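Just so it is clear, the model here is predicted, and its values are computed rather than measured. Below, chain A is the first sequence line, B the second, and so on; all start at residue 1. All heavy atoms count here, side chains included; hydrogens, waters and symmetry mates do not.
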Amino acid sequence: MQPETAAQHDPTLAHHFESHRQQHEASLVGMWAFLAQEVMFFGGMFLAYTVYRHLHPEAFVVGSLTLDPVYGTINTAVLIVSSLTMALAVRSAQLGRGKQAALWIGGTALAAGIFLVIKGVEYSHKYHDGLIPNFAWHPSETSAPSLEIFYSFYFVLTGTHALHMIVGVALMAVVAIRALRGRYGPSNYIGVEVLGLYWHFVDLVWIFLFPLFYLLGRHLG
Amino acid sequence: MQQDLSFFPEAASRGAHQVDALTWWLVGMGTFFATLVALLVIVLSIYFRRSKGKMPVPIEGSIPLEVMWTVIPLIVVLFTYTWGAKVFVDVRTQRTEGMRFFVTGKQWMWKLQHPTGHREINRLHVPKGQTILLELTSEDVIHDFFVPAFRVKTDVVPGMYTTLWFEPTKVGNYHLFCAEYCGTKHSAMIGTVTVMEPADYQVWLSGQPAGLRPVEAGALLFENLRCDTCHAAGAGQRGPALEGRFGGAAQLEGGRTVDFDAEYVRSSILEPNAEVAEGFDRLMPSYRGQVTEEQISHLIAYIASLAPANEGETVDADDSPGTGATEGSER
Amino acid sequence: MNEHNPALRHDPELAHVLPLRTYLGVFALLLVLTGVTTGIAYIDLGVLNTPIALSIASVKALSVILVFMHVKFSGKLVWLFVIGGFAWLLILFSFSLSDYYTRSVISGWGG
Amino acid sequence: MTTVDQPAPARVREDNYLTAGYGWKSWFLTVDHKRIGILYLLSLTGFFFVGGLFAVLLRLELLTPEGDLFQSETYNKLFTMHGIFMIFFFLVPSIPTTLGNFFLPLQLGARDLAFPKLNLLSWYIFLAGGAFTIYAMLSGGVDTGWTFYTPYSSTYANSHVIAAALGIFVTGFSSILTGVNFIATIHKMRAPGLTWFRLPLFVWSLYATSLIMVLGTPVLATSILLVFIERAFGIGIFDPARGGDPILFQHLFWFYSHPAVYIMILPGMGVVSEVVSCFSRKRIFGYRIVAISSLAIALLGFLVWGHHMFVSGQSIYAGMAFSLLSMLIALPSAVKVFAWSATLYKGSVSFETPMLYALGFIGLFTIGGLTGIFVATLGFDVHVHDTYFIIAHFHFIMVGGMVMAFLGGLHFYWPKMFGRRYPEGIAKVCSVVVFVGFNLTFLPQFLLGYLGMPRRYHAYPEEFQVLNVLSTAGASILGVGFLIPMLYLLWSLKFGAKSYGNAWNAKGMEWELAATPPIAHNFTEVPTWTDEAHDYSKLTPTTEETPSHAT
Ligand code: HEA
Ligand code: HEA
Ligand code: CUA
Ligand SMILES: [Cu+2]
């Protein structure tokens, strides 16, 4: 796209890169390294989940029965929609359609918002049911004794996940504005691509959280 | 206690000599390689020091040399590993025959109980030549039971039982340290292990106010806590029969089976609904907060001592204090 | 990855644009699998419940990674990082769990 | 291609990166990796002396068996803060963020790191983490030990665990972002012609380090976050009374913290490779194998963490697996040690300060590493675990190894960084003082440990006193040995002899192609580089006879 000489003055090419290709590939490598980091970050928590489930199988089954699978399933669908819109945003950016990309990003943010609202509703139900460890903990008589551990992990994992979503929405605002300003094109869409990678990763985490928390004891309930 | 300056700790148990032998091997091996590297560096750097007109000779490398200094260390470390693992397995695998002591760590003291029911704090008297078995747990944070003269140590973990054994070979007083950082007075969580001739140990015992033996204490507790209202001998009770169960398996609701061991009994007392016995309701209340770790250990000892119902209880059988420490629980 | 091949400094189009169809196909697959995994969860499959749920989740994850995240169309380096990330996760899990599944039980007790 | 075979002409550059801008903004908002490196250097030095001060206080308390100087509570805070500052705020970032930041792009022929702004952000994150930790220190301190073992840290301690945990959590992200930055840079910013096996060994070691930072640090973040959450929100995670498992914390913690010890040694090994090669005028013996051994150490390093938990209640089978794998780390380490030694063979060895530190490193690292093998030996570790033997083991590697390598690297690169020479004579004397003081401090601790003196003890039985006094005496010498270099290095910034060329006649892009001090964007045009790494074979007698002090 850009003629070689113009590269020096191209505002979309940082001064220390030689070419858009170099910039693109460096950012991509950087992002994947960062995602490997994210895998390990959540991995530690999933390990803790696994160990405690091994130590307190009953509590985890009972716990999953106290979660509402309707919310979980709807939210899964919402996140999948948001992943699709995000993938389409990247596609639009690849094709140089800035406005369209911004629109898709907006759609993704909307889906993220819906997800978070549903999550919030769910949390407030847990509050009313007395299922928030330490703050509002008065579960019904029959529950398993280590239920608290289950809920600790439920809140830690879904909470961290939700935080990642909020960060994602903030990043979306930045990228959407840039897209509107026409910063992205076929040889320079890495900003949107990186955002997309992040967002799909957030989706990936949920893909595992959903069965591990909501579904594991369903067949007994 | 050792007072004078020495650079090698006293070895007062059978295992200690085993560890020391390993140490000498390590020291020898280490000295060899450290000296080798030091000599290489010093001799080569001085011999090939810079001087006018002398040019360095480029050398790319040498596969035979690389192989040599990979394979020789490999052999050395594999040998070291095997030896170390052998000692470790021996030290860390609990013996089954011996005198059983129960140890509770608590910020910042050691509570020790003899098989005879005698109790001590921060002081442990043991007879020479006997295998001493310790079962340890903590009431708060992680501690670590460490007797340098015996070269043994194990962490003492809340919510979990760990074990230790040693066979003292030398009469004397030895340091007992807490070796896992446990808070403000970690360095004051120390004590003394006194090894005595068996006869002296008997004399010492008889001079001490004897408590109930753990099994007896457990039997009492079993009554006082009203465990027997649900777990009286025989079938058809509200709770499952406990006679002859220890060391076997427990059938749980939902088809799982678990080992009927100390950890299981402990969690049944503290969290009865976590693992519910097949065919019973969730009737049993939790005793968390009502029993100390030591009392739990007594209850376990009692339950472990219960022979299958038709053979009757064994509480009163066999009590030559001090030595008859193996009752009940063999698989 | 000869990133410094001078010929490439002309910034050719870096994008590998996938047809809409592909994205929509993966989207549909994800929704269907979500339905399936939720449905199956209500059936008692004994010990298989969790493995099946996790396998379905893995298929979903794989399709997101390969298509939405473009890994299928990316260079070796990206593959390396993806595989590396999960390999390290495997290290964390397998070594930690090897402890939990082999802890010995105390054989005797008493006093 | 057009590479330079002889030292670059002594270009006198006044338009270097130091003169490229003045005023606080030009420093605190800079995205120049070289300036950021210096910002890190300043902050790290501060943290080192704070940590060192705590060490001095520790050693003073241990002069006498009674706990008479401090309350036990204070002592516990001292060693905790000593460990936290030294590990998380000094040694982990030490070489990577200073010399690494400064020289990685120069060695690659790049104008900057791949993400310059991220680099600056890392430094601010680092400072933010430091601020939390300093807050924890000033408001009363933390007393959990640097290992934060649960349930003590999560439930029982009543010191400022929350702030310290937050500090470490935050700093972890600085480390991760640095790792990400380095990885992307090494993969994608190499000058044309600079293939993987032409990379200087320092770059290889930084690459291996970065992998550990990226793959390990997040798990530390998880474990610390869980402690933080448990304390801040009072929910049960590691509390056994609520069904938690304290040993799980140890797995998570050591999954990071063992690999982290290689974050704390690999960059030092990289520096030593550069220095040994330069001062014996030879390419490192078996360059490729040495390069790959860094990666091998990084990989193996992730498989051994359970060796910190042999007596923790971990299963003995897991212990045996971890022990065996720990043993294997001796092999890539042996490759390095013997390669450095063999490099001296038929070399032209000179003994400037950096070389003295490097040679000291080889010896002390070997002792530290061998005792690492001792403690990885199961039966032996049962006895010495959590005693002073461990303290001696890791100070040998971390102080005798890494701190020495850091000092060596700093002296080596000082002329390049600032265009000034440090005073060689006093520097040599200091390096010997450090070596002597170091050995006197930590050799006695091996004996103390085997005799059974537990670590983290504020008072101890009398028979251990003699060795403790020796150790404290050594520490005073060591402290002086560390203090003086700081003074003369500062002094040299203004008064040192000017050095505008290639101070050591060293090989590599940073020495041969970049100006001294380097210009703002490193290279006026991107160089092409086809030389082999550390290629000293092209020296001619004339360049050789130039005394290396001439500038
Ligand atoms: C930079 C830091 C660093 C490094 C590089 C190492 C390197 C090693 N460490 Fe160390 N270690 C620490 C820092 C470090 N350690 C710290 C801080 C602790 C304590 C944490 C705490 O509890 O607070 C610790 C604790 C520690 C323990 C736990 C002890 C305990 O608490 O009971 C163990 C156990 O296996 C261990 C082993 C090793 C091994 C096998 C290596 C190996 O990598 C060493 C390999 C090197 C060599 C072997 C030398 C070179 C080789 C040769 C010269 C060839 C010949 C050799 C042979 C034939 C063997 N270390
Ligand atoms: C990078 C890591 C690093 C470094 C460089 C050091 C450096 C030193 N350490 Fe540290 N140490 C650790 C990491 C490190 N340590 C860790 C992780 C622990 C475990 C903590 C825990 O258990 O949680 C530990 C624990 C530890 C202990 C054990 C405490 C205990 O268990 O009770 C001791 C005791 O001697 C000690 C001593 C020293 C000494 C004397 C130095 C010396 O090298 C320091 C020399 C530096 C100076 C002296 C500062 C510079 C000079 C001045 C400030 C001028 C004023 C001073 C004088 C004139 C004397 N350290
Ligand atoms: Cu108890 Cu340390
Ligand atoms: Cu380690």
Side-chain angles (χ1 to χ4, degrees), chain B residues 2-3 5 7 9 19 22-23 26 30 33-34 37-38 40-41 44-45 48-50 52 54 56-59 61 66 69-70 73-74 77 80-81 84-85 87-89 91-92 140-142 144 146 148 151-155 157-160 162 175 177 179-187, chain D residues 72-73 76 145 149 151-152 156 240 246 281-283 285-286 289 311-313 316 320 323-324 327 330-331 334-335 337-338 341 344-350 359 362-363 366-367 370 373-374 377-380 382-383 385-386 447 450-452 454 456-459 461 463 466 536-537 541 545:
Chain B
Q2 318 112 294
Q3 288 297 348
L5 175 66
F7 294 116
V19 174
L22 177 61
T23 302
L26 288 171
F33 279 103
V37 171
L40 279 176
V41 167
L44 290 179
S45 65
F48 294 103
R49 70 190 172 281
R50 189 162 303 172
K52 275 227 164 72
K54 213 168 93 190
V57 182
I59 301 171
E66 300 278 0
W69 61 51
T70 322
L74 177 65
V77 294
T80 308
Y81 167 75
V87 174
F88 181 72
V89 169
V91 172
R92 297 288 293 174
D140 36 48
V141 300
I142 303 178
D144 187 295
F146 175 33
R151 315 280 190 275
V152 290
K153 89 159 49 81
T154 184
D155 274 12
V157 186
M160 179 175 173
T162 51
H175 287 301
F177 291 128
E180 181 62 60
Y181 177 66
C182 55
T184 310
K185 297 216 179 94
H186 162 61
S187 59
Chain D
S72 52
E73 223 174 318
N76 296 345
Y149 270 21
Y152 184 71
Y156 289 85
R281 312 266 111 205
K282 274 184 65 200
R283 189 172 151 83
F285 187 92
I289 299 177
V311 298
S312 68
I316 59 172
M320 285 162 73
S323 167
L324 181 60
M327 296 285 170
L331 309 182
V335 164
V337 168
F338 290 121
S341 317
L344 303 170
Y345 176 71
K346 294 204 172 167
S348 166
V349 182
S350 67
L359 296 179
I362 300 175
T366 299
I367 298 180
L370 283 164
I373 297 300
F374 286 26
T377 307
L378 288 156
F380 183 81
V382 172
H383 176 52
H385 170 72
D386 268 348
L447 295 172
Y450 201 74
L451 282 169
R456 298 170 172 173
Y457 261 36
H458 146 259
E463 68 259 28
V466 176
Y536 287 91
S537 63
E545 275 166 28

>> If you apply the rule side chain to side chain contact (heavy atoms under 4.5 Å, CB included), what do you find for D:R281 with B:F48, and how did you get there?
In response: CA-CA 11 Å; D:R281 312 266 111 205; B:F48 294 103; over 6 Å; no
>> With heavy-atom distances below 4.5 Å as the criterion, would you say the side chains of B:H175 and D:P461 are in contact?
In response: yes
> Non-hydrogen atoms of chain D under 4.5 Å away: do they reach the side chain of B:L22, the backbone, both or neither?
Replying inline: side chain
>> Between B:Y81 and chain D, with a heavy-atom cut-off of 4.5 Å, which part of the residue counts as in contact: side chain, backbone, both or neither?
In response: both
>> Shorter than 4.5 Å, heavy atoms on both sides: which option in D:V337, D:T366, D:L324 has the most such pairs with chain B?
In response: D:L324
> Who pairs with B:E66 by side chain to side chain donor-acceptor pair (under 3.5 Å), at least two apart in sequence or on another chain?
Replying inline: B:W69
> Of all heavy-atom pairs between B:P9 and D:L451, which one has the smallest distance, and what is that distance?
Replying inline: N-CD2, 3.4 Å
> Looking only at heavy atoms, what is the nearest atom pair of B:V77 and D:A330, with distance?
Replying inline: CG1-CB, 4.0 Å
> Are side-chain heavy atoms of B:Y181 and D:N76 found at a separation under 4.5 Å?
Replying inline: yes
> What residue in D:D386, D:I362, D:I367, D:L370 has the most heavy-atom pairs under 4.5 Å with chain B?
Replying inline: D:D386
> Under a 4.5 Å heavy-atom cutoff, which of B:D140, B:V152, B:D144 has the most pairs with chain D?
Replying inline: B:D140
> Would you say the ring centroid of B:F88 lies under 6.0 angstrom from that of D:F380?
Replying inline: no
>> Please report whether the ring centroid of D:H385 lies less than 6.0 Å from that of B:F146.
In response: no
>> Side chains of B:V141 and D:Y156, heavy atoms from C-beta outward: is any pair under 4.5 Å?
In response: yes
> Ignoring hydrogens and geometry, is there a side-chain-to-backbone donor-acceptor pair from B:R50 to D:S348 under 3.5 Å?
Replying inline: yes
> Looking at B:P158, B:A34, B:S45, which makes the most heavy-atom pairs under 4.5 Å with chain D?
Replying inline: B:S45
> Between D:V382, D:L447, D:V335, D:I373, which residue shows the highest count of heavy-atom pairs closer than 4.5 Å to chain B?
Replying inline: D:V382
>> Nearest 0.5 angstrom please: D:Y345 OH to B:L40 CG, how far?
In response: 12.0 Å
> Which bit of B:V157 comes within less than 4.5 Å of chain D, counting heavy atoms only: side chain, backbone, both or neither?
Replying inline: side chain
>> Please identify, among B:A85, B:G183, B:C182, B:G30, the residue contributing the most non-hydrogen atom pairs under 4.5 Å to chain D.
In response: B:G183
> Residues two or more places apart in sequence or in another chain: which of them pass side chain to side chain donor-acceptor pair (under 3.5 Å) with D:S312?
Replying inline: none
> Are any of the side-chain heavy atoms of B:R92 and D:M320 separated by less than 4.5 Å?
Replying inline: no
>> Is B:A38 close to chain D through its backbone or its side chain, or both, or neither, when contacts mean heavy atoms under 4.5 Å?
In response: neither
>> Looking at B:I59, is its backbone amide N or carbonyl O close enough to the side chain of D:K346 to form a donor-acceptor pair, meaning the two atoms are under 3.5 Å apart?
In response: no
> When you look at D:F374 and B:L26, which way does the side chain to side chain contact (heavy atoms under 4.5 Å, CB included) test go after all the steps?
Replying inline: CA-CA 6 Å; D:F374 286 26; B:L26 288 171; 4.0 Å; yes
> Considering only heavy atoms from C-beta outward, does the side chain of B:R49 approach that of D:S350 to under 4.5 Å?
Replying inline: no
> Considering only heavy atoms from C-beta outward, does the side chain of D:Y149 approach that of B:E180 to under 4.5 Å?
Replying inline: yes
> Any idea which heavy atoms bring D:A334 and B:P73 closest together, and the distance?
Replying inline: CB-CG, 4.2 Å
